There are 2 protein chains.
Amino acid sequence: MATQHTPQDQEPAGRQRTRRSPAPHERQRDAERTKARILDAAVEVFSAKGFDRARVTDIAERAGVNQQLISYYFNSKQGLYREIGRRWRAYEAETISDDLDFAEQIKRGVRASVDPRLGGRLLAWDGLYDTGEDDTGEDDTGEDDVEARERNAQLQHEVQVLRERQRAGEIDDRFDPAALILIGLSAGNALAVYPHLARGLFGTDTVSPELVEHYAEQLAQVIRSLPAAAPPSVPDSHT
Amino acid sequence: MATQHTPQDQEPAGRQRTRRSPAPHERQRDAERTKARILDAAVEVFSAKGFDRARVTDIAERAGVNQQLISYYFNSKQGLYREIGRRWRAYEAETISDDLDFAEQIKRGVRASVDPRLGGRLLAWDGLYDTGEDDTGEDDTGEDDVEARERNAQLQHEVQVLRERQRAGEIDDRFDPAALILIGLSAGNALAVYPHLARGLFGTDTVSPELVEHYAEQLAQVIRSLPAAAPPSVPDSHT
DNA sequence: AGAATAGTCAACTCGCGGTTTGATTAACTA
DNA sequence: TAGTTAATCAAACCGCGAGTTGACTATTCT
């Protein structure tokens, strides 16, 4: 009873479908276009307000389509949210362009995190909504599990990459790469996640692009100044 | 029509009221006790699930009181949330015990952030809900503004303190104290805000106390390794 | 003790917002 | 060009959950 209609859902992979319509742009009824519009709008709204506060009506409005189309293409608000998650993971998996100075990578992260269209806050929303997980009442394909696994793989990869560099002497090996990544990520998202603190701390009443740049640079600075080999002092002290 | 009853609301300041009831504990009807219970429960629930997902029923249940008492004492779910905010600010204002090694302070932050009873995630929720602010439809005393001002003052104080130390040569003065604080705070909350990432990164399926300690130590380590005076390299580069 | 008030409760209301239903029209096929 | 399917839409539905109502009881005051 869950899945009732739902059109062609996912095309195999090859983009162009059998029918090569003459005017792919002027078309007034174009599923692909509509879906894309909805997704774009959804990313913005979900990222800005979070799942609960996001209004399906709002998303539809921004996308310039009828509200019902959301259920039509994605079955439900949830479904839409899931789809976004998928896309996002795919997207960043390919644009992660590792083998790029850690600090620099973080810097990008900062910039990306405040771009409304990229939905950097989604990560934080997901984390906060993540209360212990597994509130599976009954049905529901273990959809979430799959997503989690996918994400974990990606994270582990990151850890691996960083560990390499560490081994290459770029960073003191007293640091746990996993911890470093978590620190970098969370700090990188700070402007997006704690805009109120940012305003208060920097004494501005908006998170301006300049501020973003400034913060990014500062954070990068911090990361760059991590010791590279055996540290000069800090002999472990207490405990 | 908003405020109809509401009891004595806030007692001036002096705790003991005129009537010194003989058995303050055994009492079966005790407003103060009930209020406290509600507040405690509320912190947990709000912190865990966020405002929207928090169910008034749930809070009441945990507090072991009737649901209606929430409206009775705090007028509304919102009111309860506000009150929590106030208390929290007050609380941390007094327990901030500054003039304590920055790294150490952050370390405490990490531990606090994962304690469900302390509601460390509230900060993140607030930040995420903070979409540009000022969605004031109409009424509503500029309550929020006051809170914001209060918070800002506190933040500025922190900045000031850190600036002192910086001037005292404890930290390289190329760093912006505001940025450092934001970094520290966000990274300090990371385990609480991104539990899913934490699990993925560290390969555990729970955020155990040991993990908390480990992460706290790592973060502290990072902070301690910040250069103290003129840095050896990094000649400023671009811009 | 008796009145007044503060604390507590169960049950009802009522709007908001996601989903369903059923019709309507564009696009494609035979 | 008729028939079929995909895309779109407006309106009705319906459950959830916060807030309200009005009664009932413990406490305190006189």
Side-chain angles (χ1 to χ4, degrees), chain A residues 1-9 11 17-38 42 45-46 49-61 63-82 137, chain B residues 1-11 16-38 42 45-46 49-61 63-82 137:
Chain A
M1 51 181 67
T3 39
Q4 36 176 105
H5 37 177
T6 313
Q8 15 70 283
D9 249 81
E11 58 276 71
R17 52 223 316 87
T18 339
R19 40 182 142 101
R20 19 78 240 155
S21 34
H25 26 290
E26 295 291 14
R27 193 84 118 302
Q28 52 180 309
R29 282 194 178 187
D30 180 338
E32 237 43 55
R33 167 161 44 82
T34 313
K35 261 159 104 172
R37 278 187 185 162
I38 294 178
V45 179
F46 279 135
K49 319 221 203 161
F51 186 83
D52 297 312
R53 218 160 268 198
R55 295 286 154 253
V56 174
T57 312
D58 192 3
I59 297 178
E61 228 160 65
V65 305
N66 184 283
Q67 173 176 171
Q68 205 285 1
L69 291 189
I70 281 175
S71 329
Y72 183 62
Y73 286 117
F74 304 97
N75 282 328
S76 65
K77 192 184 176 185
Q78 271 284 356
L80 177 53
Y81 191 73
R82 284 243 172 72
Chain B
M1 51 181 65
T3 40
Q4 37 175 110
H5 36 180
T6 311
Q8 15 68 285
D9 248 82
Q10 35 231 99
E11 57 275 73
Q16 26 78 338
R17 52 225 313 90
T18 340
R19 40 185 143 100
R20 17 78 243 153
S21 33
H25 25 289
E26 294 291 12
R27 193 84 118 301
Q28 53 180 311
R29 284 195 175 185
D30 180 337
E32 237 43 56
R33 166 159 46 81
T34 314
K35 262 159 101 173
R37 278 186 185 164
I38 293 178
V45 179
F46 278 136
K49 318 219 204 165
F51 186 83
D52 298 311
R53 217 160 269 199
R55 296 283 155 254
V56 174
T57 312
D58 191 4
I59 297 177
E61 227 160 67
V65 304
N66 184 284
Q67 173 176 171
Q68 204 285 1
L69 292 189
I70 281 175
S71 332
Y72 184 65
Y73 286 117
F74 305 96
N75 283 327
S76 64
K77 193 183 176 185
Q78 270 285 356
L80 176 55
Y81 191 71
R82 285 243 172 70

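Chain letters run A, B, ... following the sequence lines, proteins first and then strands; every chain starts at 1. Source: prediction; values computed, not measured.
Separating the NZ atom of A/K77 from the C1' atom of D/dC16 is a distance of 13 Å, rounded to the nearest angstrom. Taking atom CZ of B/R37 as the reference point, atom P of C/dC9 lies 10 Å away to the nearest angstrom. Remark: P of D/dC16 and NZ of B/K49 are 15 Å apart, rounded to the nearest angstrom. Rounded to whole Å, the distance from CG on B/N66 to P on C/dA10 is 5 Å. At whole-Å resolution of the value, CZ in A/R33 and P in C/dA26 are 14 Å apart. Rounded to a whole Å, the CG atom of B/L69 is 12 Å from the C1' atom of C/dA6. If you measure from atom CD1 of B/I70 to atom P of D/dA18, you get 9 Å, rounded to the nearest angstrom. Distance A/D52 CG to D/dA18 C1': 15 Å, rounded to the nearest Å.
Closest to the A/Y73 side chain, of the nucleotides D/dA7, C/dG17, D/dA18, is D/dA7. When the nucleotides D/dA7, D/dA18, D/dT20 are ranked by their closest atom to the side chain of A/A31, D/dA7 comes out on top. Checking C/dG18, D/dG19, C/dG7 against every side-chain atom of B/Y72, the shortest atom distance belongs to C/dG7. In this structure, the nucleotide among D/dG19, C/dC9, D/dA7 sitting nearest to the side chain of B/Q68 is C/dC9.
Note that the CD1 atom of A/I59 and the NZ atom of A/K49 stand 9.5 Å from one another [nearest 0.5 Å]. In this structure, OG1 in A/T34 is found 10.5 Å from OH in A/Y72, a value given to the nearest 0.5 Å. Between B/I70 atom CD1 and B/N75 atom CG the span is 12.0 Å, to the nearest 0.5 Å.
Phosphate contact (OP1/OP2 of C/dG18, side-chain N/O of A/S71, threshold under 4.0 Å): absent.
At the heavy-atom level, A/A60 lies nowhere under 4.0 Å from the strands shown.
Between the side chain of A/K77 and the backbone N or O of A/F51, at least one donor-acceptor pair lies under 3.5 Å.
Counting all heavy atoms, side chain and backbone alike, B/V45 lies closest to B/A54 at CG1-CB, 3.7 Å.
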